[in-house]
Every structure is written in C-alpha cells, then in structure tokens.
Amino acid sequence: MGCAHGKCCGHRSESSACDSEEFQEVGQFSVHGKRVLTERSIECAPVPSHKFRLEYSVLTQRGYYPDSPDKENQDSFSIRTQVQGNPNLHFFGVFDGHGQLGTQCSNFVRDRLVDILADNPRLLDDPFNEYSSAFVRTNHELHDSEIDDTMSGTTAITVLVVGDKLLVANVGDSRAVIAHKVGNRIIAEDLSSDQTPFRRDECERVKLCGARVLSVDQVEGLKDPDIQAWGDEESEGSDPPRLWVQNGMYPGTAFTRSIGDSTAERIGVIADPEVSMVQLTPDHVFFIVASDGVFEFLSSQAVVNMVASYPDPRDACAAIAGESYKRWLEHENRTDDITIIIVHFKDLGNVPMLQGQHP
C-alpha cells in the first residue's frame with residue numbers, strides 16, 4: 001500500500017545456484033485455480049557450514065491497471081548467493097517502488113543495497129549496525145543520484161541467510177514470513193512488522209516529526225479529522241491513515257519508512273530499517289519474502305498454507321499470485337504489482353544445532 005493516488009501521489013537476479021536459468025517476469029496465469037507452470041527452474045544454494053541447502057523460486061507480476069495500461073511493474077527483487085564469496089551467506093530482497101519514478105527507485109535500491117553489503121568487510125562482525133547502515137547509505141545515494149525521488153521511492157524487505165541464522169531488515173509494508181512445524185500444523189510467524197500509521201509507535205513517531213496522519217476521507221473533509229482511530233489494517237485497508245504535510249495534500253504515504261521519498265522524509269518517513277535475527281531450528285520449513293500486493297487481502301497464515309500445499313515452490317508462487325489477483329479484483333477494479341520469493345530449507349532437520357558454530 002503506497003500513496004493516495006495509486007502507489008504514490010503525484011530484475012535482476014544474481015545467483016550461483018544449482019540451475020543457471022535466469023528468472024523472468026511471468027506473463028499470463030490463471031486466477032481460477034488451474035495449475036500454472038511458471039517456466040523457470042528451482043534454484044538452490046547450499047549452506048555447507050550447517051549441511052543444509054536452500055531451494056527457492058521467485059515470481060514477479062505487473063499489476064492490472066485498466067486506467068494505466070502502460071504502467072510498469074514497479075516491484076523488483078534481488079537474489080544473490082555466496083555474498084562476499086562466502087558459501088554460507090545468501091541474500092533475498094523484494095523492493096516495491098511507488099511514485100512516478102518508482103521503478104527507477106526500486107531498481108536502484110535492488111542493485112545498490114546488496115552491493116554495499118557485499119563490499120562491507122565488517123558485515124558479520126556487527127551485522128545489526130552494518131545492515132542498518134547499508135540501508136541508510138543506499139538512501140543517501142538515491143537522494144544524490146540522477147533519479148528525482150522527491151515524490152518517489154521504494155520499500156525494501158530483505159533476508160540475509162547467515163549460516164543457521166536469518167538476518168531480516170525491513171523498511172515499509174512489504175513482509176517476510178517464516179513457517180515452522182508445531183505438531184501436525186505449519187504456523188506462520190512474521191519476520192517483519194509492517195511500518196504503517198496503523199502501528200501506534202510509528203504513528204506517534206511521525207507526528208513528532210510534523211506529519212498529519214489522516215485518511216483520504218479525513219483530509220478531504222468527509223470525516224472528522226479529530227477522530228484518530230482507524231481500526232486495523234484488515235478492516236480499514238480501503239481508506240487507511242496516511243501521512244500529509246501540515247498545509248498540503250501530499251505526499252499521502254500509507255507507510256512510515258522507505259528509501260527515497262525525500263519530501264516524506266521531512267515528516268518522518270525514514271530509511272532506518274528494523275533489523276532482527278532468527279535462529280533456525282529443525283522445525284523451520286520455509287520462508288517467504290513478498291511485496292504488499294500479496295498481503296493486502298491475504299494473511300500471513302493464508303500465504304503459508306498455500307505454500308505448504310504445493311511441493312513445488314514455482315507452483316506455490318503462481319497460486320499465490322493468482323489468489324492475490326482474485327482477491328484484489330473482488331475489492332477493487334485494479335491490482336497491485338506482486339512479487340514473491342519462496343525459500344525452502346532442505347535437510348535442515350538432519351543436522352543438530354551446535355552452540356558456538358559460526359558461518
């Protein structure tokens with residue numbers, strides 16, 4: 001979810017995996033339950049330090065925009081295995097651009113963020129700070145580039161596999177989710193928290209930076225602006241709270257963190273990511289990195305259930321994209337761009353976790 005007018009007012013894959021076929025954008029696929037092949041191989045990347053491997057697939061699909069038939073897919077993704085030449089270090093990221101130059105912003109961040117991480121010899125010495133610094137540096141470089149990011153930018157959800165750990169860094173409202181077995185069930189656990197004004201802490205933070213937080217109906221005078229209660233993201237997704245400057249009807253961002261968006265930055269939209277780390281266990285099955293086009297009308301658990309029902313992650317990607325499209329068109333006359341990366345853990349359960357083991 002981006003800005004008030006569409007996504008905002010106003011693919012490269014790098015992989016040294018088991019198969020060399022390049023990822024491509026999917027063209028047509030069914031939204032009515034028919035099985036769809038996504039015409040790409042399953043890629044894999046070993047993690048030799050802990051004797052398991054990653055098997056993954058990705059799909060990116062342009063949204064359906066009947067009023068803008070020439071609109072580009074503003075999503076992009078990056079997959080880079082063996083970051084820094086380390087066979088136990090693998091990067092997965094999804095970048096959801098918005099605004100007139102959202103595609104350029106998304107592609108810029110896709111390329112630069114992982115390059116900055118790859119060129120940082122201190123990354124594994126202080127991963128939280130160095131990961132965060134890479135986001136901030138990418139933001140500064142985008143501001144200084146030839147791309148006008150005054151009213152354009154991108155969210156970024158990324159997962160760095162570091163041996164038997166996942167390092168997750170996020171700005172915006174795309175999402176990473178991990179699935180783990182609990183008895184006979186597979187449970188979804190969010191690895192990131194959507195950074196939107198629905199979150200009280202984020203809402204108060206941007207207000208302290210000078211933002212007005214109002215829905216479109218409120219800013220247009222159709223609803224009382226003094227009622228600062230918007231329910232939750234699921235019930236109020238059609239008219240969410242957004243960020244506005246004090247004396248204008250812009251930028252209208254529905255997220256509170258991003259890369260780019262230099263106008264929104266002045267009212268608290270920052271590029272500092274929330275970073276967390278997860279210790280993998282034999283109960284972990286797979287993780288998902290996806291743009292908010294997937295999660296607008298599907299819960300994390302619903303997406304995990306769909307992945308679990310398809311042995312082949314390529315078919316899971318296509319099914320999730322198809323279901324996402326279907327849900328969008330049940331609620332609106334358009335859909336968002338959709339990007340999904342699914343990463344399965346293979347043979348993770350065969351190896352005991354050893355304390356003190358390093359990637």
Side-chain angles (χ1 to χ4, degrees), residues 11-25 38-60 75-95 106-107 109-125 127 130-131 134-135 138 156-170 174 176-179 191-192 275 277-280 284-291 307 312-314 316-317 339-348 350-351 357-359:
H11 142 122
R12 175 185 71 171
S13 168
E14 298 185 55
S15 174
S16 54
C18 300
D19 295 304
S20 59
E21 180 179 343
E22 290 186 357
F23 296 114
Q24 297 177 354
E25 184 173 9
T38 59
E39 299 182 355
R40 64 171 58 92
S41 60
I42 299 175
E43 302 283 331
C44 68
V47 183
S49 64
H50 291 79
K51 299 180 182 178
F52 70 93
R53 70 186 189 279
L54 309 172
E55 289 189 356
Y56 54 90
S57 187
V58 62
L59 178 152
T60 185
D75 283 2
S76 66
F77 66 88
S78 175
I79 297 173
R80 185 177 298 186
T81 59
Q82 300 189 24
V83 177
Q84 299 185 349
N86 185 335
N88 306 300
L89 201 60
H90 310 293
F91 176 87
F92 301 87
V94 169
F95 311 95
S106 173
N107 291 343
V109 175
R110 172 200 67 190
D111 295 340
R112 283 301 297 146
L113 179 61
V114 67
D115 281 348
I116 291 170
L117 292 171
D119 292 339
N120 185 352
R122 299 183 301 277
L123 176 61
L124 297 183
D125 297 330
E130 298 303 327
Y131 213 163
F135 272 69
T138 302
I157 176 66
T158 67
V159 175
L160 187 67
V161 179
V162 186
D164 63 345
K165 299 177 179 64
L166 303 183
L167 193 63
V168 183
N170 177 54
S174 294
V177 182
I178 196 167
L191 295 175
S192 59
V275 184
M277 183 174 284
V278 174
Q279 173 67 60
L280 295 176
H284 287 122
V285 186
F286 55 81
F287 69 86
I288 303 157
V289 185
S291 59
V307 175
D312 190 326
R314 296 171 296 183
C317 282
T339 301
I340 314 154
I341 301 173
I342 298 173
V343 184
H344 283 271
F345 303 112
K346 297 295 183 178
D347 301 323
L348 183 63
N350 297 335
V351 181
Q357 196 166 14
H358 298 288

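Not measured: the values here are computed from a predicted model. Below, all heavy atoms of this structure are taken into account, side chains as well, without hydrogens, waters or symmetry copies.
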Would you indicate whether the side-chain heavy atoms of Leu89 and Val162 approach each other to under 4.5 Å? yes

NZ/NE/NH1/NH2 to OD/OE distance under 4.0 Å, Asp347 and Arg53: yes

In short, Ile116 meets Ala134 closest at the heavy-atom pair CG2-CB, 3.8 Å

Step by step, would you call His344 with Val307 a side-chain contact (heavy atoms from CB on, under 4.5 Å)? CA-CA 10 Å; His344 283 271; Val307 175; 4.0 Å; yes

Derivation and outcome, side-chain contact (heavy atoms from CB on, under 4.5 Å), residues Phe135 and Thr158: CA-CA 10 Å; Phe135 272 69; Thr158 67; 3.8 Å; yes

Taking C-beta and beyond as the side chain, do Val343 and Val159 meet within less than 4.5 Å on heavy atoms? no

Apply the test side-chain contact (heavy atoms from CB on, under 4.5 Å) to residues Ile178 and Leu280: give CA-CA distance (whole Å), side-chain angles for both, the deciding distance (0.1 Å), then the verdict. CA-CA 10 Å; Ile178 196 167; Leu280 295 176; 4.0 Å; yes

If you compare all heavy atoms of Ala169 against all heavy atoms of Val275, which two are closest, and at what distance to 0.1 Å? CB-CG2, 4.0 Å

Test side-chain contact (heavy atoms from CB on, under 4.5 Å), reference Pro87, set Pro48, Ser49, Pro46, output is Pro48

So, Ser106 side chain and Phe95 main chain: donor-acceptor pair closer than 3.5 Å or not? yes

Under a 4.5 Å cut-off applied to non-hydrogen side-chain atoms, are Val94 and Phe92 in contact? no

Step by step, would you call His90 with Gln82 a side-chain contact (heavy atoms from CB on, under 4.5 Å)? CA-CA 5 Å; His90 310 293; Gln82 300 189 24; 4.1 Å; yes

I'd like to know if Asp115 and Arg80 make a salt bridge, using a cut-off of under 4.0 Å between side-chain N and carboxylate O. yes

How are the rings of Phe287 and Phe345 set to each other: parallel, tilted or perpendicular (split at 30° and 60°)? tilted

Would a distance-only check, ignoring hydrogens and angles, find a side-chain to backbone donor-acceptor pair under 3.5 Å from Thr339 to Ser291? no

Testing Asp111, Leu113, Leu117, Val114 for side-chain contact (heavy atoms from CB on, under 4.5 Å) with Thr138, which one passes? Leu113

Does the side chain of Val161 reach to within under 4.5 Å of the side chain of Leu166, using non-hydrogen atoms? yes

